[in-house]
There are 2 protein chains.
Amino acid sequence: MDNRLKVLRAERDWSQAELALRLDVSRQAVNAIETGKHDPSLPLAFRIARLFGMPIEEIFDDGHA
Amino acid sequence: MDNRLKVLRAERDWSQAELALRLDVSRQAVNAIETGKHDPSLPLAFRIARLFGMPIEEIFDDGHA
DNA sequence: GCTATTTGTCAGGTCTTCTTGACACAGTCG
DNA sequence: CGACTGTGTCAAGAAGACCTGACAAATAGC
């Protein structure tokens, strides 16, 4: 699953650790999502979308556009 | 995680098995999501949203309105 | 150069999501 | 009644999402 996490994080000048804190997950979880190793769970996807103030579909892209 | 799957399914007069077919998951997976036993994975949430033609946020509700 | 921060990654473990196969119970229809 | 459909549920297992703790490599700042 493709995502714009790295860009959105860069726009805010946050480290992965800082983002992890705000999302209440481990730094490794953020890294794994950014590098495409995992998809987030749906609840975590909701927290991410809420944090960045945009719909899940604008952050994640499953390719079946 | 709250969701409107049962209602959306009823509007289309689909059985859980029929919906499962369209989503390419097992009937038990659909049942577990409808009855609140599981959250769908993010990829499955995307398939559901696409099938019903609406954003994920209009089908699922994590309570943090 | 040295130090601190950031990122990527590994291992081992836990819990969740999803699978197949099976069974019980309701409701409908001949 | 008997057959069929729809729903709910269980068990056992595979795969994925998360955890902590640790370490190396790249980057930034002094």
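The figures here come from the full heavy-atom set of this structure, side chains too, leaving out hydrogens, waters and symmetry mates. The sequence lines fix the lettering, A, B, ..., with proteins before strands; numbering per chain opens at 1.
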Just how far, in rounded Å, is [atom2] of [N] from [atom1] of [X]?
X     : N      : atom1 : atom2 : value
B/I48 : C/dT17 : CD1   : P     : 12 Å
B/H38 : C/dT17 : NE2   : P     : 6 Å
B/D39 : C/dC15 : CG    : P     : 17 Å
B/L21 : D/dT5  : CG    : C1'   : 15 Å
A/D13 : D/dT27 : CG    : P     : 17 Å
B/R12 : D/dG6  : CZ    : P     : 18 Å
A/L44 : D/dG16 : CG    : C1'   : 14 Å
A/L19 : C/dT5  : CG    : P     : 19 Å

Inset, instruction - State plainly whether the residues B/R12 and B/E18 are in salt-bridge range, i.e. N to O under 4.0 Å. - result: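 So B/R12 does not pair with B/E18 through a salt bridge.
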Legend entry - Gap separating the CG atom of A/D39 from the CG atom of B/L44, nearest 0.5 angstrom: 11.5 Å
Taking the side chain of [X] as its heavy atoms from C-beta onward, which of [options] lies nearest to it?
X     : options              : answer
B/S15 : D/dG6, C/dC18, D/dT9 : D/dG6
A/S41 : D/dA17, D/dG6, C/dT6 : D/dA17
B/Q16 : C/dG8, D/dG8, D/dA17 : D/dG8

Inset, instruction - Please report the shortest heavy-atom distance between A/I59 and A/A49, naming the atom on each side. - result: CD1-CA, 3.7 Å
Legend entry - Base D/dG21 to side chain A/R27, donor-acceptor N/O within 3.5 Å cut-off: no
Inset, instruction - Go through the N and O atoms of the side chain of A/E34 and the base of C/dG8, and report whether any donor-acceptor pair is under 3.5 Å. - result: no
Inset, instruction - For B/Q28 and for B/I33, locate the closest nucleotide of DNA chain C by heavy-atom distance; then report the residue assigned to the nucleotide nearer the 5' terminus. - result: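 Whichever sits nearer the 5' end wins; that is B/I33.
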Legend entry - 5' precedence on DNA chain D between A/L42 and B/W14 (nearest-nucleotide basis): B/W14
Inset, instruction - Tell me which of B/R9 and B/P43 sits closer to the 5' end of DNA chain D, going by the nucleotide each one is nearest to. - result: B/R9
Inset, instruction - Respond yes when some side-chain nitrogen or oxygen of A/N31 is under 4.0 Å from OP1 or OP2 of C/dG8, and no when none is. - result: yes
Legend entry - Distance below 4.0 Å between B/K6 side-chain N/O and D/dG8 OP1 or OP2: yes
Inset, instruction - Indicate yes or no for a side-chain donor-acceptor contact from A/R27 to the backbone of A/A20 under 3.5 Å, with no hydrogens or angles considered. - result: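 It does not hold such a pair.
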Legend entry - Under 3.5 Å donor-acceptor, A/N3 side chain and A/I33 backbone: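 A pair under 3.5 Å: yes.
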Inset, instruction - Would you mind classifying the nucleic acid contact of A/S26 as base, sugar-phosphate or nothing, using non-hydrogen atoms under 4.0 angstrom? - result: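 Base: the residue A/S26, judged by heavy atoms under 4.0 Å, touches a nucleobase.
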